[in-house]
Amino acid sequence: MIQTIVAGTSEIDDVARSVEDIRLQLEAAGPLKKHTVGLLACHYEFVLSGVVRALNDALPFDVTGTITAAQAGHGEVGTLRLCLTVLTSDDVEFITALTPSLLENPADAIRKTYAAVAQKDTAPSLIFAFAPFMVENSGDDYVDVLSELSGGAPCFGTLAVDDTLDFSNCFLVHNGHHYRDHLALVLVYGEVKPRFFTATISMDKVLDRAALVTKSAGHILMELNDRPVAEYFENLGLTKASETSYAMTSLPFMLDYNDGTPWVSKVFIGLTPEKYAICAGTMPEGASLYIGVFDKRDVLTTTGAAADQIVEAIEGASGLLIYSCISRNMTLGSDQLAELDLFRDKIGDKVPFMMAYSGGELCPTQVTDGHAINRFHNNALIACVF
């Protein structure tokens with residue numbers, strides 16, 4: 001059994017006070033058990049001020065996680081905050097690891113790291129994965145290799161996101177250090193039966209006009225219906241928007257893999273010099289693409305529906321982790337904390353939980369007999385109940 005403790009602080013400049021805030025909250029929850037790990041979400045100012053490093057030095061367990069633009073946890077909602085979710089157990093083991101750089105061969109880096117730390121004869125019950133947002137890579141690459149290595153163990157996690165205009169401080173945080181090109185893993189072994197929830201866009205917001213992906217290279221979309229993708233944008237009157245990075249975040253691409261699995265949302269980022277579409281996830285050839293139209297009302301409608309499903313499922317649960325795509329936050333406009341407030345109000349003190357914004361979401365769409373169909377999402381809200 002896992003005990004979950006969620007602690008938080010808004011003290012950035014006074015490092016000693018910030019560490020003491022967290023220490024006292026953890027101490028109040030009682031002694032830690034045999035195996036413990038910390039999952040972190042914080043504004044990048046906590047890295048720059050030295051709080052993250054000092055917190056790591058003060059805690060007797062590994063801590064890993066990501067920078068985020070806003071978060072909820074320990075009863076509080078805000079942007080300039082640090083939230084630490086501590087998982088501790090006598091019979092569930094947590095193994096953490098940090099990969100080498102993902103810049104040249106991300107799959108190979110993950111394979112070597114996983115092989116070095118994974119138990120040889122037992123698959124993990126759950127994998128948490130955390131990485132920085134990197135335009136060079138697709139999060140699908142991370143999900144696919146982890147699924148292969150673990151034999152389909154459920155994989156849940158997030159890519160970092162910050163509130164700068166160029167996303168320059170999207171750090172992975174691991175044991176007090178921060179990185180722009182590494183991935184961190186937490187392999188969970190023991191009697192854990194996680195349940196997963198996702199929310200994207202209401203189906204009545206998806207345009208009934210499918211296009212077949214006929215040429216792509218990873219997360220670079222080249223042709224739809226055997227025509228250049230630029231022509232597709234032109235036919236929809238989106239040429240001007242497609243030429244501006246992140247201008248189409250409210251128009252998610254819904255992908256039907258045509259294999260019977262649930263649709264997955266992807267985000268268009270910008271164009272290459274060749275007028276190919278750069279997406280925040282892999283666009284496999286043979287998939288059908290639909291465009292959705294996202295707005296504030298639908299964000300809160302789909303988030304509320306997911307929250308209601310989770311409330312029905314959390315009886316007896318130990319903890320809850322939630323990540324929501326930053327594009328959902330952008331769609332909220334000036335009411336940027338509304339999604340976080342909604343979850344705080346609906347979950348209350350029913351179960352310890354942390355929610356944070358994400359630059360890309362790792363979550364299964366299906367789990368059958370412990371074997372997961374893991375996917376990389378954009379524009380999605382994902383949740384893990386354990």
Side-chain angles (χ1 to χ4, degrees), residues 1-9 15 18-19 21-23 25-27 29-42 46-47 50-68 71 73-74 82-102 109-110 112-119 122 124-132 142 146 149-150 153 155-160 171-190 192 194 318-319 321 323 352 354 356 362 384 386:
M1 180 179 178
I2 296 174
Q3 178 188 356
T4 303
I5 309 163
V6 180
T9 183
V15 174
S18 183
V19 172
D21 282 349
I22 299 297
R23 189 190 66 80
Q25 292 168 45
L26 298 182
E27 189 177 84
L32 299 176
K33 303 183 186 301
K34 183 178 179 181
H35 308 291
T36 304
V37 70
L39 308 180
L40 182 72
C42 69
F46 286 90
V47 169
V51 169
V52 168
R53 178 70 65 86
L55 185 61
N56 177 78
D57 293 343
L59 296 175
F61 49 82
D62 288 346
V63 175
T64 194
T66 59
I67 298 303
T68 187
Q71 60 191 276
H74 198 251
L82 178 149
C83 191
L84 179 66
T85 297
V86 176
L87 310 181
T88 187
S89 177
D90 285 330
D91 51 14
V92 176
E93 185 178 358
F94 311 101
I95 298 176
T96 66
L98 181 71
T99 71
S101 173
L102 302 174
I110 295 171
K112 289 179 179 177
T113 302
Y114 186 94
V117 300
Q119 294 183 6
T122 306
S125 305
L126 174 63
I127 299 173
F128 292 117
F130 305 95
Y142 311 154
L146 287 170
L149 293 168
S150 66
C155 182
F156 184 87
T158 182
L159 305 188
F171 306 133
L172 163 73
V173 178
H174 184 73
N175 285 345
H177 299 278
H178 60 284
Y179 305 90
R180 284 305 313 266
D181 61 346
H182 296 243
L183 178 144
L185 295 172
V186 179
L187 307 184
V188 182
Y189 290 93
V192 180
S318 301
L321 282 178
Y323 294 104
M354 180 179 78
L362 291 69
C384 175
F386 52 89

Side-chain heavy-atom pair Leu126, Cys384 within 4.5 angstrom cut-off
yes

Quick one: does Pro124's side chain get under 4.5 Å of Tyr114's, heavy atoms only?
yes

Please lay out, stage by stage, how Val173 and Val63 fare under the test side chain to side chain contact (heavy atoms under 4.5 Å, CB included).
CA-CA 8 Å; Val173 178; Val63 175; 5.8 Å; no

For a 4.5 angstrom cut-off between non-hydrogen side-chain atoms, does Leu39 reach Leu84?
no

Smallest separation among heavy atoms of Val51 and Ser18, with atom names
CG1-OG, 3.2 Å

Check whether any side-chain N or O of Thr4 sits under 3.5 Å from a backbone N or O of Ser318 as a donor-acceptor pair, and report yes or no.
yes

Could you check if a side-chain atom of Met354 sits within less than 4.5 angstrom of a side-chain atom of Gln71, using non-hydrogen atoms only?
no

Which of these, Asn56, Val52, Leu59, sits in a side chain to side chain contact (heavy atoms under 4.5 Å, CB included) with Asn175?
Asn56

Spacing of Leu149 atom CG and Ile127 atom CD1 [to the nearest 0.5 Å]
8.0 Å

Name the one of Val37, Val117, Asp62 that satisfies side chain to side chain contact (heavy atoms under 4.5 Å, CB included) with Ile95?
Val117

For Ala109, is there any backbone N or O sitting under 3.5 Å from a side-chain donor or acceptor partner on Thr113?
yes

Nearest heavy-atom approach of Gly65 to Leu172 is O-CD1, 3.3 Å

So, Asp181 side chain and Leu102 main chain: donor-acceptor pair closer than 3.5 Å or not?
no

Is Val92 close to Tyr189 at the side-chain level, that is, under 4.5 Å between some pair of heavy atoms?
no

CG-OG1 distance between Leu40 and Thr85, expressed to the nearest 0.5 angstrom:
9.0 Å

Can you tell me if Ser125 uses its side chain to pair, donor with acceptor, with the backbone of Gly190 under 3.5 Å?
yes

Under a 3.5 Å cutoff, is there a donor and acceptor pairing between the side chains of His178 and Arg53?
no

Side chains of His182 and Thr99: is there a donor and an acceptor less than 3.5 Å apart?
no

Between the main-chain N or O of Phe130 and the side-chain N or O of Thr66, is there a donor-acceptor pair closer than 3.5 Å?
no

Gap between atom CG of Leu146 and atom SG of Cys155 - 0.5 Å precision:
4.5 Å

Test side chain to side chain contact (heavy atoms under 4.5 Å, CB included) on Tyr179 and Leu98; report intermediate values, then the result.
CA-CA 10 Å; Tyr179 305 90; Leu98 181 71; 3.5 Å; yes

Rounded to the nearest 0.5 Å, how far does OG1 of Thr64 lie from CZ of Phe128?
11.5 Å

Taking side chain as C-beta onward, heavy atoms only, is Val86 less than 4.5 Å from Phe61?
yes

Out of the candidates Ile2, Leu321, Val188, Val186, only one should pair with Leu87 under the side chain to side chain contact (heavy atoms under 4.5 Å, CB included) rule; please name it.
Ile2

So, do Phe46 and Ile67 sit near enough that their side-chain heavy atoms are less than 4.5 Å apart?
no

Spatial distance of atom NE2 (His74) from atom CD1 (Ile22) [nearest 0.5 Å]:
8.0 Å

Please lay out, stage by stage, how Leu55 and Leu82 fare under the test side chain to side chain contact (heavy atoms under 4.5 Å, CB included).
CA-CA 11 Å; Leu55 185 61; Leu82 178 149; 4.1 Å; yes

Let me confirm one number: the CG-OH distance from Leu185 to Tyr142, rounded to the nearest 0.5 Å.
11.5 Å

Can you tell if the side chain of Lys34 reaches within under 4.5 Å of the side chain of Glu93, non-hydrogen atoms only?
no

Identify the heavy atoms of Ala7 and Leu26 that sit nearest to each other, and give their distance.
CB-CD2, 4.1 Å

